[in-house]
Amino acid sequence: MAASTGSGRSGRPTLAVVGATGAVGTVLLQILSQRADIWGEIRLIASSRSAGRKLAVRGEEVEVVALTEEAFDGVDVALFDVPDEVSAQWAPLAAARGAVVIDNSGAFRMDPEVPLVVPEVNPHAARMRSRGIIANPNCTTLSMIVALGALHAEFGLRELVVSSYQAVSGAGHAGVRTLREQLSLVAGTELGTSPGDVRRAVGDNTGPFAEPVALNVVPWAGSLREDGWSSEEMKVRDESRKILGLPRLPVAVTCVRVPVVTTHSLTVHARFEDEVTVDRAREILATAPGVVLFDNPAAGEFPTPADVVGTDPTWVGRVRRALDDPTALELFVCGDNLRKGSALNTAQIAELVAAET
Ligand SMILES: NC(=O)c1ccc[n+]([C@@H]2O[C@H](COP(=O)([O-])OP(=O)(O)OC[C@H]3O[C@@H](n4cnc5c(N)ncnc54)[C@H](OP(=O)(O)O)[C@@H]3O)[C@@H](O)[C@H]2O)c1
């Protein structure tokens, strides 16, 4: 790809991070500081509210600039970590100015002209970007798809039944703030013992969630469709089908919010073409890039969000063959929703694009 000059790193491509101040943007700056330094300038962009703020990336303080068309001048790759409506408006403008856009919002994921890319599963798709935009999957899909992609390559996936246990940071800074405030409101009380007591203590402070999330689980994420499914559940279904290239794969998903700060977990029932063995499934998962098999319940070994948070891989435990179907596996999967679930995957896609000749 054409490379523009960067500050002190001339000849290397220029990267823009749009939404650098957000929950995903914050983790992305850490990831860019940890991975191989292939970029020239890294330009930080957010709303005009944040213009002039200084954020650290690669050990340097960089000033945030406001989102304008001119902010994309000389940019080779632009990572968008902003709300859907901001991406819908600005990603095509950035692409028109010559940047390859990697968008983390839901604005383009199901656009047939926009590839939906997970580098461990379908890296070839990143080149098929007629709009100059590559979409990054939703964090819930991403938290399981690397492990499923590896199993699908060997066994041939035929059906998925999934339940998610989603962390509050999936709803951005506002989600984390809400859980922390609710926890302080219920701390040291006997709440959680009679109907409605947690709701009364929390009052209107439910933030982006449908119900109190402290001392609770909430079987809801996203917006309501007429048929009763939520938008988040449809994302996992539609995106899994697109990434795996299985447009008619039966997928049933129930999304649940839990009082975890960061790291999504999922239970997965995956049915395959033929009989499967746990031994072979474990071999595949133990050697798949980006997957860690952590599965020895006798020794108390299975992944939990408290241990997985801050790590890059998809962690898999509780691998069992279904009791009533020798073609199906049951798994418990955990992935940090802000790392592989969003920022890390976009950084990996950006590296794929930068490596194109
Ligand atoms: N959180 C997750 O686990 C996750 C996972 C996958 C995908 N995503 C997606 O990633 C995107 C960002 O999510 P987040 O959780 O990081 O949200 P967030 O914490 O609310 O951050 C939003 C970011 O967008 C910027 N922004 C908002 N309105 C803007 C505007 N009009 N012009 C320019 N910048 C604007 C904000 O800048 P200011 O600080 O200046 O307001 C901030 O940097 C969303 O599309 C989300 O759906 C999130």
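- Although no hydrogens or angles enter the test, the distance criterion places no donor-acceptor pair under 3.5 Å between the side chain of Ser50 and the main chain of Ala46.
- Contact of the Arg257 side chain with the Val217 side chain is not registered, since no non-hydrogen atoms from C-beta on lie closer than 4.5 Å.
- No side-chain N or O of Asn136 forms a donor-acceptor pair with one of Thr346 less than 3.5 Å apart.
- Across Val186 and Ala201, no two heavy atoms sit closer than the pair CG1-CB, 4.4 Å.
- With hydrogens and angles ignored, the 3.5 Å screen pairs no side-chain donor or acceptor of Asp103 with any backbone N or O of Ala135.
- Between the side chains of Asp81 and Ser342, no donor-acceptor pair of N or O atoms lies under 3.5 Å.
- Separating the OG1 atom in Thr189 from the CG atom in Leu215 is a distance of 6.5 Å, to the nearest 0.5 Å.
- Val27 and Leu142 sit in two unconnected hydrophobic clusters of ILVMFWY residues. Membership requires side-chain heavy atoms under 4.5 Å apart, directly or through other members.
- Taking 4.0 Å as the cut-off between side-chain N and carboxylate O, Lys54 and Glu61 do not count as a salt-bridged pair.
- Salt bridge status for Lys242 with Glu239: absent, with no side-chain N to carboxylate O gap under 4.0 Å.
- Atom-to-atom distance recorded for Glu211:CD and Asn216:CG is 7.0 Å, nearest 0.5 angstrom.
- Leu183 and Val176 end up in the same hydrophobic cluster when Ile, Leu, Val, Met, Phe, Trp and Tyr side chains are linked at under 4.5 Å.
- Under a 3.5 Å cut-off, the side chain of Asn122 and the backbone N or O of Ala125 do not form any donor-acceptor pair.
- Salt-bridge formation is not detected for the pair Arg318/Glu330: no Lys NZ or Arg NE/NH1/NH2 atom is positioned less than 4.0 Å from an Asp or Glu carboxylate oxygen.
- Thr14 places no side-chain N or O within donor-acceptor distance of the main-chain N or O of Val75, the cut-off being under 3.5 Å.
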- Message: For a side-chain contact (heavy atoms from CB on, under 4.5 Å) check, start with the C-alpha distance between Phe155 and Ile284, then their side-chain angles and the critical distance, and finish with the verdict.
- Response: CA-CA 10 Å; Phe155 294 137; Ile284 294 164; 3.7 Å; yes
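- Atoms CG and OG, on Asn138 and Ser240 in that order, are 9.5 Å from each other to the nearest 0.5 Å.
- Sorted by first then second residue, the salt bridge (Lys or Arg N to Asp or Glu O under 4.0 Å) pairs that include residues 14-39, not counting sequence neighbours, are Arg9-Asp37, Arg12-Asp37, Arg35-Glu351, Asp37-Arg58.
- Across Ala214 and Gln182, no two heavy atoms sit closer than the pair N-OE1, 3.1 Å.
- Counting only N and O atoms by type, the side chains of Thr140 and Gln166 include a donor and acceptor under 3.5 Å apart.
- The NE2 atom of His152 sits 10.0 Å away from the CG atom of Leu160 when rounded to the nearest 0.5 Å.
- A donor-acceptor pair is defined here as one N or O able to donate and one able to accept, closer than 3.5 Å; such a pair exists between the side chain of Arg237 and the backbone of Val251.
- With contacts defined as side-chain heavy-atom distances shorter than 4.5 Å, the pair Leu244/Leu157 qualifies.
- Under the 3.5 Å distance criterion, the side-chain polar atoms of Ser87 are left unmatched by any main-chain donor or acceptor of Asp84.
- Atoms CH2 and CE, on Trp229 and Met234 in that order, are 8.0 Å from each other to the nearest 0.5 Å.
- By the 4.5 Å heavy-atom criterion applied to side chains, Val168 and Pro259 are not counted as neighbours.
- Listed here is the closest heavy atom pair of Asp295 and Val319: OD2-N, 3.2 Å.
- The closest side-chain heavy-atom distance from Leu331 to Leu151 is below 4.5 Å.
- Looking at Ile134 and Val100, their side chains come closer than 4.5 Å, going by heavy atoms from C-beta outward.
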- Item | From CA spacing to verdict: side-chain contact (heavy atoms from CB on, under 4.5 Å), Lys235, Met110 | CA-CA 9 Å; Lys235 283 180 192 174; Met110 297 316 296; over 6 Å; no
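- Between Pro305 and Thr263 the shortest heavy-atom distance is CA-CG2, 3.6 Å.
- Atom CG of Leu249 and atom CD1 of Ile243 lie 11.5 Å apart (nearest 0.5 Å).
- Val218 places none of its side-chain heavy atoms less than 4.5 Å from the side chain of Val256.
- Across all their heavy atoms, Thr178 and Gly207 have their closest contact at OG1-CA, 3.4 Å.
- With Ser230 contributing its side chain and Ala221 its backbone, the two residues share a donor-acceptor pair below 3.5 Å.
- The backbone N or O of Ala71 sits less than 3.5 Å from a side-chain atom of Arg43, completing a donor-acceptor pair.
- Judged by distance alone, the side chain of Thr26 and the main-chain N or O of Gly22 form a donor-acceptor pair under 3.5 Å.
- With a 4.5 Å cut-off between side-chain heavy atoms of Ile, Leu, Val, Met, Phe, Trp and Tyr, the cluster of Phe72 takes in Val18, Ile45, Val65, Leu67, Phe80, Val82, Val86, Trp90, Leu93, Val101, Phe108, Val114, Ile133.
- Using a 4.0 Å cut-off between charged nitrogen and carboxylate oxygen, Arg280 and Glu154 count as a salt-bridge pair.
- Linking ILVMFWY side-chain heavy atoms closer than 4.5 Å, directly or via other members, places Phe332 and Trp315 in two distinct hydrophobic clusters.
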- Please walk me through it: do Val292 and Thr314 pass side-chain contact (heavy atoms from CB on, under 4.5 Å)? CA-CA 6 Å; Val292 171; Thr314 303; over 6 Å; no
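- No hydrogens or angles considered: a donor-acceptor pair under 3.5 Å links the side chains of Ser231 and Ser223.
- The closest side-chain heavy-atom distance from Gln34 to Ile31 is below 4.5 Å.
- Judged purely by atom type and a 3.5 angstrom limit, Arg339 has no side-chain atom pairing as donor or acceptor with the backbone of Asp336.
- Between Arg271 and Asp325, some side-chain heavy-atom pair lies under the 4.5 Å cut-off.
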